[in-house]
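Notes follow once the structure below has been shown.
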Amino acid sequence: MRRTGFTADHDAFRGTIRKFVETEVAPVYDTWLEAGIVPREFYYKLAELGVFGIEVPEEYGGAGIESFKFQAILMEETARAGVSFGGSSVHVGLCLPYLKKLATEEQKQRWLPGFAAGEIMFAIAMTEPGTGSDLAGMRTTAKLSEDGTHYVLNGAKTFITGGVNADRVIVCARTAPPREDDRRFGISLLVVDTTSPGYTIGRKLDKLGLRSSDTAELNFTDVRVPVEDLLGEENKGFSYLGQNLPQERLSIAAGAYAQAAAAVRFAQEYTQQRNVFGKPVASFQNTKFELAACKAEVDAAEAVVDRALDALDAGELSAADAASAKLFCTEVAARVIDRCLQLHGGYGFINEYPIARLYADNRVNRIYGGTNEVMKMIIAKDMGL
């Protein structure tokens, strides 16, 4: 079926990204996988392509387009080619909404032109060792100095995507103790310069999947953060985090759909080329039935994502809607990718084949952005249960 939510501009962007991936990424992607990180200079190429500036307002060097659909196209095209742009998805998908909504005019002037140009790469640090999804339980602190000029940041974060390449990190920290009746009170957002004394990058984590994405541990020891780098109001950070969760969860749903669609493509191509008992694997009834069933599930996921993208662009995507999209699309992707790997036989277990990498990359979709168990709780609450 024709996707009605995309325009000629979207189609042109898709074509540009597809060609860019074929010429600039696919030939070198194996070296990125081996290194476990995307080269920092690659992000300048993405910036030159206009990728980082699409949703940045024109007065700060961007295109000023208020639509998440271009980011969804990026996910679809990278998944289609079996590659990744590393932590840049966090730079645009997670960090930019906070900067646009919360930054002062002075902060926007300082950060957004560099953001669009790839000169200032952003990451966001929420999760801490031992807290997981319980953000209200964070222990990282930021104490205001006696003269009121800066905060002193101490603590640690983990699972920080883009944490190695980042120039600025939006760090969630406690600027006040929690209240007895409100554990969420006292959290603030600080935009931390990664060159600050006392800021250190710990391990680049060795993950099951997403091997080209730099995921790091961060440590803060008496890091001085100027009060001018407080994002939004003090002690209101938790509410800010909640406001951006629907888009974050939709991005995971869109990425999962893209991976599932890519898996069907990989499996179809492989089974048409692979001969067993003198004929292509695709000619067997079981193969046809498996691929047909997977295609039907991918079609359903596509419809869910497209409807959610329209709702997000219209400002109507609720927390429950996003949770439902994430839950459905990530579960579909898990089933589809597993079945498509099975159709590859033994080669599906070899990392040389993109289906194997896709299998590993996909697993985290049901964990980050809130586990799928949490998504079920959100949906059930919205149902009045």
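All heavy atoms count here, side chains included; hydrogens, waters and symmetry mates do not. Quick caveat: nothing in here was measured; it's all calculated off a predicted structure.
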Determine whether a donor-acceptor pair (N or O, by modelled atom type, separation under 3.5 Å) exists between the side chain of [X] and the backbone of [Y].
| X | Y | answer |
| --- | --- | --- |
| Lys100 | Glu55 | yes |
| Asp361 | Gly209 | no |
| Arg174 | Phe185 | yes |
| Arg339 | Glu290 | no |
| Ser251 | Glu248 | yes |
| Tyr29 | Ser84 | yes |

Taking the side chain as every heavy atom from C-beta outward, state whether [X] and [Y] have any pair of such atoms under 4.5 Å apart.
| X | Y | value |
| --- | --- | --- |
| Glu76 | Tyr257 | yes |
| Gln107 | Val191 | no |
| Asp299 | Lys295 | yes |
| Thr140 | Cys172 | no |
| Thr271 | Phe284 | no |
| Leu358 | Leu341 | no |
| Asp306 | Phe6 | yes |
| Val56 | Leu99 | no |

*Which pairs, with at least one residue in residues 49-73 and sequence neighbours excluded, count as a ring pair (Phe, Tyr, Trp, His ring centres under 6.0 Å)?*
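Counting only pairs at least two positions apart or across chains, the ring pair (Phe, Tyr, Trp, His ring centres under 6.0 Å) contacts touching residues 49-73 are His10-Phe70, Phe13-Phe70, Phe52-His91.
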
*Any link between Val264 and Ile355 through a network of hydrophobic side chains (Ile, Leu, Val, Met, Phe, Trp, Tyr) touching at under 4.5 Å?*
no

*Check the hydrophobic clustering (I, L, V, M, F, W, Y; side-chain heavy atoms under 4.5 Å; chains of links allowed) and say if Met375 and Leu245 are grouped together.*
no

_Smallest separation among heavy atoms of Ala156 and Asn219, with atom names_ = CB-OD1, 3.6 Å

_Connected-component partners of Leu144 among ILVMFWY, side-chain separation under 4.5 Å_ =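 Besides Leu144, the hydrophobic cluster comprises Ile37, Tyr151, Leu153, Ile160, Val164, Val169, Val171, Leu190, Val192, Tyr199, Ile201, Leu218, Phe220, Val223, Val225, Val227, Leu230, listed by chain and residue number.
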
_The criterion is side-chain hydrogen bond (donor to acceptor under 3.5 Å, both in side chains); which residues satisfy it with Ser67, sequence neighbours excluded?_
Asp313

_Which residue is it: Thr195, Thr194, Asp229? I am looking for the one with a side-chain hydrogen bond (donor to acceptor under 3.5 Å, both in side chains) to Arg168._
Asp229

_Is it the case that the side chains of Asp9 and Thr7 hold a donor-acceptor pair, with the cut-off being a distance below 3.5 Å and no angle test?_
no

_Hydrogens and angles aside, do Glu331 and Asn372 bring a side-chain donor and acceptor to less than 3.5 Å of each other?_
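Indeed, the side chains of Glu331 and Asn372 share at least one donor-acceptor pair under 3.5 Å.
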
*Using ring pair (Phe, Tyr, Trp, His ring centres under 6.0 Å) as the criterion, list what pairs up with Tyr347, not counting sequence neighbours.*
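Counting only residues at least two positions away or on another chain, Tyr347 forms a ring pair (Phe, Tyr, Trp, His ring centres under 6.0 Å) with Tyr353.
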
_Phe349: ring pair (Phe, Tyr, Trp, His ring centres under 6.0 Å) partners, not counting sequence neighbours_ = none

*asked:* Suppose we screen for salt bridge (Lys or Arg N to Asp or Glu O under 4.0 Å). Which residues come up paired with Lys204, at least two apart in sequence or across chains?
replied: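 Listed in chain order: nothing, the list is empty.
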
*Do the two ring centres, one from Phe85 and one from Tyr43, sit under 6.0 Å apart?*
no

*is_close_aromatic(Tyr240, Tyr98), centroid dist under 6.0 Å*: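 No, the ring of Tyr240 stays outside the 6.0 Å limit from the ring of Tyr98, centre to centre.
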
